[in-house]
Each structure stands twice: as C-alpha cells, then as structure tokens.
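Since the structure comes first, as structure tokens, the remarks are kept for the end.
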Amino acid sequence: MQKLSIYNTLSRRKEVFEPLNPPFAGMYVCGPTVYGDAHLGHARPAITFDVVFRYLKEMGYKVRYVRNITDVGHLENDADQGEDKIAKKARLEELEPMEIVQYFTDAYHREMDKLNILKPSIEPRASGHIPEQIEMVENILDKGMAYISNGSVYFDVEKYNASNNYGKLSGRVIEDLMSTTRELDGQNEKRNPVDFALWKKADASHIMRWKSKWSDGFPGWHLECSVMSTKYLGEQFDIHGGGMDLLFPHHECEIAQSKVANGKDSVKYWMHNNMITINGQKMGKSLGNFIRLEEMFAGSHPLLEKAYSPVTVRFFILQAHYRSPLDFSNEALQASEKGLTRLFAAMQTLEKIQASETSTFDVQKLKTDCYEALNDDFNTPILIAHLFDGVRAINQAATGDLKLNATDLQALKDLYKTLVLAILGLEIPQSETTGTGELLNEVVNLLLNLRVDAKVNKDFATSDKIRNELTKLGFEIKDKKDGFEWSLKS
RNA sequence: GGUCACGUGGCCGAGCGGUUAGGCACCGGUCUGCAAAACCGGCUACAGCGGUUCGAAUCCGCUCGUGACCUCCA
C-alpha cells in the first residue's frame, strides 16, 4: 500500500508523511476561543483533524493529539479598545471570566460529542500555562529578539527576519507588510508596526490579568500555542493544524517565537482547512447567517428548512476536500442526507447477504482505491465516491446480480466498518426498529400482518389504507417477496 | 490598495495535460396489485477572452466574479 501524503502549507505541495519519532506521531491543532457558542465554523477544523487523528491511529501510530482551549483574552478587533472578548462578555453578563470560559467550554464539548469527534489526548488551556508563557517571554528576551516597552513585551520581527524568514508560511514579504500597514494613531509602543505582543500590560478595566516582572497583564495571543505545543509535544513535532484564517499572523508568529525559543523549526507539516460559507456568503454575525451548531441540529435558524442531524453535517463536510471552500445550503445538505441514508442502508443490507461459491466483484480493488484516496492528503470525497461504488455492488449482491464468496464478503464488511465507522467517524443512527419499544414493534407488525392478509385477499383498498396511514405517521414500509420491512424515519 | 486561494453539468462536489468521478434532482426502463427500495439506461459541464501543446477543465496571460488574510494582540 502506498504511503500517506499530506499537503504541507509550508512547502505548498504534498509530502510523504514520515513522523519524526515513529511509531509516535504528534499533532497540535488550534482550538476554539471560548467566548461564544460553537458554530458551523468550529465544525470544519474539528472534523478535519478528527479524521486525521483517527486515520493515523488506524495506521498504527501512537498519536498524541493536542487541541487547546483559548481562554485568555484577545482583544476585539472592531470593538472598544483595550477590552478582550472574554472580559467584555463577563462584564456584560456580570460573571467571573472563568464562568464564561467554563460555560462555553462545556457547550463546545457537547456539540463536538454530537459530531462524534474524539476527544484529543490533551486539551490544555492558555490560562493554565501562564508561568510557562512568562518563561518563554523571558527566553525570547534573553535571546535578544524581543524588547520591553511600557510594561509590554514585543517580538522584534525585523531583527528576527534578518537571520530568518518571517512570512515563509503565509508567503508574505516583510517589506510589503511594513509598507502596507495603515497609519495608526494611539499607542506607539512598538518599534515597528509588524512587531507583535508577547506580553501585554493590562489597563485598569482589564479583568483578566496576571502578575509578571514587566507588568500586571496577559500573554500575547500567539504565545500559548508555541508554549503548549512545546510542552506536550516537544521542541519538534509532526503536524500542526488549524483554519486558513489562522495562517497569518497567528501561525507565522508561532513559527518565529518557537524558532527563537527552541533554536529550531518546531513543526514538520503545517495543515490548514478551508473556510465555510452559507449560501455563498461568508458567515458573519452581522450578516444574519451565523448558524450555531445547536441551531443546526434543531433546525431552529431562519435559514434552515429543517433540522440536520450531526452525522449529516459531518458527512456533508467530509464530502468536500478539507482544503476547498465549502458552501452550506439546504439543497446541498438534503442531498447529503439522502446519500448518507443510502450508504447506511447498504451497510445494513451487507450484514444480510449470503456468501456465494465464487466472486464476481473485486473487493481488493475497491479497498485499494479507498486507501489511495485517503492516502492522497485525506481525500475523503474521493473515498466516499468509492464507497458509493461499493454500495451499488452490495445492493446487486443482495438481489443476486453479483456474487461474493465468504472471504470477499467478510473483507467487504470489515472494509466498511473500518472506513465508515472508525475513520470517517460516521455513526449509524439507532432509531430504526430497535429502541422504539417492544410494544410498538408488535403493534406495527400486527398491522402489517393484517395488510398481508388483505393483499392475499386482493383487498387493496385496505392494504393501501394501512400503508398510507403508517406512512403518514412517519413509517416507511417496504414489501418483500416473503413479507415486509419497516422503519421509523427520523 | 497588497498577498493568497477559488470559479466545473439543475444543485453540491472530485479532478491538477489525453480515459466514466461520486452524491442529490430530473427523464426512461426492470421489479411490484400499486407503491417504496433496489437495479439498468439517459441528461455529460468545466466564468469569459487570448496563448502554449499533437492534445487543456487541467499549464501561461488578461478580464470579470467570490472568499481568506493584511498585526488598534481573533
């Protein structure tokens, strides 16, 4: 089987994945800033890297997956000066900042669980790593790559760039950055507008603050990721992921900080997922198209025609490649929902197929195709396309138009279990006939048996009536040669 | 304004120089008392204009459109 290749943003090409210390693999992904509800934008990176995590484990690597919770500050870019998102929310709601953080962290976890996203190995919080962050600031100051200004500490980008390449990840050129920066009035603490904060002095109104030798303040946003990735994955690790919106400045700054602090480049493969749009528009609070995951699953947003289950959302996201933009619309979601139902139905059919003496279908070819897709930079849409080729084969096998011997049948079952359940993380909803109660089963069976009798007597008026009424109630009735099948639709 | 992506059939979405993507929808057909499901078949596109090439959705240029970022610390 050929090797896994990953598109590395750093080199802008696909590279064969070779971990630094096999069989171990380290992965760090930028998690949410917990100052608001989990929304659609959170789902994409979570699902993208969940599949990476699952596949690496499936390949046999011992993976440590670190995804942080940003619970320290970060100024609003468009709101009141000097106020950060969490502090502002806390003041408005008259709560402790950590109450806000706890509330939204719990909410985030709840939605991630619904999406069947595996928990990371470690989920560190920025607020729990203040001493380490202060240490890294000192380290960078000692190396002469930062300076103190009015109680804040800034990274000296120009100096760093003299011996390093600042902008190598995002493709920016420092001269351009300096020349395109707008003229800003206000605090001119920085030597150069391209410099970024490592430690920021808190003003009087700032309620999230920690003591340091420079000032009472808080760490610069970019710092937490450098610190926590180093702490839990080492000075060098394999994969760093996040959304494309984080490419610049966040990840660029991380590279610079870590390089200075650790004396070497810390990340081998940089992965970035693309963004989500809603009906072709970017998602934004002011545009009225900001959909929270809770609303998505309940169908309670005005733009939604119906509720979409978490597994549908997950499948929908996986039907596009993670590096392509993805547009959410009712039409597209419903198409995915139907396709997914068909996929799951085939998997249930697969369990009932009887083995033949011979095979007329190449299961190994299907398997190879599937893994080739996965190995080609996690190309889940291609993988899913192959899975649908298999669906056709399964259905043909069920009707006897295609044959599978015992070995191939088992191989096919294993393949779908591994790919669909373990790697793509798609869970078959348990609504079916099970879990609805024994009594209900018996009542429905009774009605359908009466219907069979009516059909035998050619009393089609009665048989149609039973079926139509049940359909109205949300049941799906399928006649079989030797009886019937029914299910309760969600 | 700058940098970087992207623009594919009714809708979504793969593709990265030559071969059917796939899903959904739609139209025929098989099966069925009629349905549903399933299967078979059909519809077969690549924003526009140039260029490179024996050959381009795929490479290059321009135009138009969309998106991300451009540090008053997401």
Side-chain angles (χ1 to χ4, degrees), chain A residues 12 30 32-33 35 70 73-82 84-85 152 154-155 157 167 170-173 176-177 179-182 184-188 190 192-200 218-223 243-250 252-253 272 274-277 280-282 315-316 319-321 323-340 342-343 345-346 349 373 379-389 391-392 394-396 398-399 401-402 455 458-460 463-464 467-468 471 476-481 484-487:
Chain A
R12 297 187 184 264
C30 292
T33 302
Y35 69 104
T70 295
H74 305 323
L75 294 177
E76 301 248 54
N77 48 7
D78 54 357
D80 323 38
Q81 278 191 331
D84 78 40
K85 288 175 173 174
S152 293
Y154 293 98
F155 189 91
V157 172
S170 58
R172 306 214 178 208
V173 182
D176 292 348
L177 288 171
S179 64
T180 56
T181 301
R182 284 159 283 178
L184 302 163
D185 49 14
Q187 30 184 321
N188 252 346
K190 294 181 184 178
N192 194 310
V194 296
D195 294 346
F196 57 91
L198 295 174
W199 184 264
K200 188 80 177 170
F218 53 96
W221 171 43
H222 314 302
L223 201 57
M244 267 182 185
D245 52 338
L246 298 174
L247 235 150
F248 188 87
H250 185 55
E252 202 69 69
C253 296
H272 291 93
N274 214 314
M275 314 306 284
I276 274 171
T277 55
Q281 260 192 324
K282 74 166 180 175
F315 181 67
F316 178 70
Q319 266 193 305
H321 186 79
R323 283 191 286 113
S324 298
L326 175 62
D327 187 52
F328 270 68
S329 65
N330 282 290
E331 209 176 355
L333 249 344
Q334 283 164 31
S336 280
E337 188 175 49
K338 286 179 188 164
L340 181 61
R342 209 172 129 236
L343 175 64
T349 301
N379 199 325
T380 53
I382 296 279
L383 165 61
I384 290 169
H386 291 312
L387 289 173
F388 275 109
D389 289 338
V391 164
R392 187 167 294 113
I394 289 166
N395 287 327
Q396 284 176 321
T399 57
D401 292 330
L402 181 149
K455 288 202 323 183
K458 307 263 182 217
D459 180 4
F460 298 122
S463 74
D464 285 352
R467 185 176 63 200
N468 292 340
T471 303
E476 185 177 62
I477 315 299
K478 292 179 197 169
D479 288 354
K480 297 281 174 176
K481 286 138 278 182
F484 53 80
E485 236 177 45
W486 64 272
S487 60

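A note on names: the letters A, B, ... follow the listed sequences, proteins ahead of strands, and every chain is numbered from 1.
Using a 4.0 Å heavy-atom cutoff across all strands shown, A/H321 reaches sugar-phosphate atoms only and no base atom. Across all strands shown, A/D327 has heavy atoms under 4.0 Å from sugar-phosphate atoms exclusively, and none from any base. No engagement by A/K458 is indicated, since no non-hydrogen atom pair under 4.0 Å with the nucleic acid exists. Across all strands shown, A/A385 has heavy atoms under 4.0 Å from base atoms, whether or not it also approaches the sugar-phosphate. Across all strands shown, A/D389 has heavy atoms under 4.0 Å from sugar-phosphate atoms exclusively, and none from any base. Residue A/T471 is classed as having no contact, given no heavy-atom separation below 4.0 Å to the nucleic acid. At a threshold of 4.0 angstrom between heavy atoms, the contacts of A/L246 include nucleobase atoms, whether or not backbone atoms are also involved.
For the pair A/P325 and A/F248, nearest-nucleotide mapping onto RNA chain B gives the more 5' position to A/P325. Nearer the 5' end of RNA chain B, as judged by each residue's closest nucleotide, is the contact made by A/R323, out of A/R323 and A/S336.
Residue A/R342 places at least one side-chain N or O closer than 4.0 Å to OP1 or OP2 of B/C24. The phosphate of B/C73 (OP1 or OP2) has a side-chain N or O of A/K200 nearer than 4.0 angstrom. Distances shorter than 4.0 Å separate none of the side-chain N or O atoms of A/R172 from OP1 or OP2 on B/U71. Phosphate proximity of B/C11 to A/S329: absent, as no side-chain N or O sits under 4.0 Å from OP1 or OP2. Listed pair A/K190 / B/U71 fails the phosphate criterion, with no side-chain N or O lying under 4.0 Å from OP1 or OP2. Put simply, A/Q396 has a side-chain N or O that comes within less than 4.0 Å of OP1 or OP2 on B/C40.
Spacing of C1' atoms, B/U58 relative to B/C43, comes out at 24 Å, to the nearest Å. Atom C1' of B/C4 sits at a distance of 28 Å from the matching atom of B/U53, rounded to the whole Å. Spacing between B/A5 and B/C60 at atom P, rounded to whole Å, works out to 10 Å. For the C1' atoms, the distance linking B/A21 with B/G15 amounts to 8 Å, nearest Å. A gap of 8 Å separates the C1' atoms of B/C59 and B/U52, to the nearest Å. Nucleotides B/G7 and B/C16, compared at atom P, are 13 Å apart to the nearest Å. For the C1' atoms, the distance from B/G61 to B/G22 is 34 Å, rounded to whole Å. Rounded to whole Å, the separation between the C1' atoms of B/A14 and B/U19 comes to 16 Å.
With hydrogens and angles disregarded, a donor-acceptor distance shorter than 3.5 Å links the side chain of A/E252 to the backbone of A/S170. In this structure a side-chain-to-backbone donor-acceptor pair under 3.5 Å is missing from A/Q396 to A/D401.
The interatomic distance linking A/F315 (CZ) with B/G23 (C1') rounds to 7 Å, in whole Å. Rounded to an integer number of Å, the gap from NE2 of A/H250 to P of B/A68 is 19 Å. Taking atom CH2 of A/W221 as the reference point, atom C1' of B/U71 lies 10 Å away to the nearest angstrom. Per the geometry, CG belonging to A/N379 stands 14 Å off P belonging to B/G13, to the nearest Å. In this structure, A/L247 places its CG atom 19 Å from P of B/G67, rounding to the nearest Å. The interatomic distance linking A/K455 (NZ) with B/A36 (P) rounds to 14 Å, in whole Å. Rounded to an integer number of Å, the gap from CG of A/D401 to P of B/C31 is 13 Å. Remark: P of B/C6 and NE2 of A/H272 are 16 Å apart, rounded to the nearest angstrom.
Nucleotide B/A57 forms no Watson-Crick or G-U wobble pair with any nucleotide shown, as no partner meets the under 3.5 Å limit on both distances. Pairing partner, B/C26: B/G42, with both Watson-Crick or wobble hydrogen-bond distances short of 3.5 Å. The partner of B/C4 is B/G67, by the rule that a Watson-Crick or G-U pair needs both atom distances under 3.5 Å. Nucleotide B/G9 forms no Watson-Crick or G-U wobble pair with any nucleotide shown, as no partner meets the under 3.5 Å limit on both distances.
Side chain of A/F388, nearest nucleotide from B/A35, B/A14, B/G22: B/G22. Distance from the side chain of A/Q319 is smallest for B/G23 among the nucleotides B/A36, B/U3, B/G23. Closest approach to the A/D479 side chain among B/G67, B/A35, B/A14 is made by B/A35 (side chain taken as heavy atoms from C-beta onward). Residue A/E476 has its side chain nearest to B/A36 when only B/C73, B/C12, B/A36 are considered. With B/G33, B/C73, B/A25 as the choices, the nucleotide that has an atom nearest any side-chain atom of A/K338 turns out to be B/A25.
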(message) Determine whether A/F316 and A/L326 satisfy the following criterion, side chain to side chain contact (heavy atoms under 4.5 Å, CB included), listing intermediate values before the conclusion.
(response) CA-CA 9 Å; A/F316 178 70; A/L326 175 62; 3.9 Å; yes
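Contact of the A/W199 side chain with the A/S152 side chain is not registered, since no non-hydrogen atoms from C-beta on lie closer than 4.5 Å. Side-chain atoms of A/I384 and A/F315, non-hydrogen and from C-beta on, do get closer than 4.5 Å to each other. Inter-residue side-chain proximity for A/M275 and A/P325 is flagged as unmet; no heavy-atom pair is nearer than 4.5 Å.
You won't find any donor-acceptor pair under 3.5 Å spanning the side chain of A/R392 and the base of B/A38, going by distance alone. The base of B/C4 lies outside donor-acceptor range of the side chain of A/R12, with no N or O pair under 3.5 Å.
Remark: ring of A/F460 overlaps the six-membered base ring of B/G33 in a stacked fashion, centroids less than 5.5 Å apart, planes less than 30° apart.
Distance check: A/I394 CD1 to A/T399 OG1 gives 12.0 Å after rounding to the nearest 0.5 Å.
The shortest non-hydrogen separation linking A/V391 to A/L343 is CG2-CD1, 3.7 Å.
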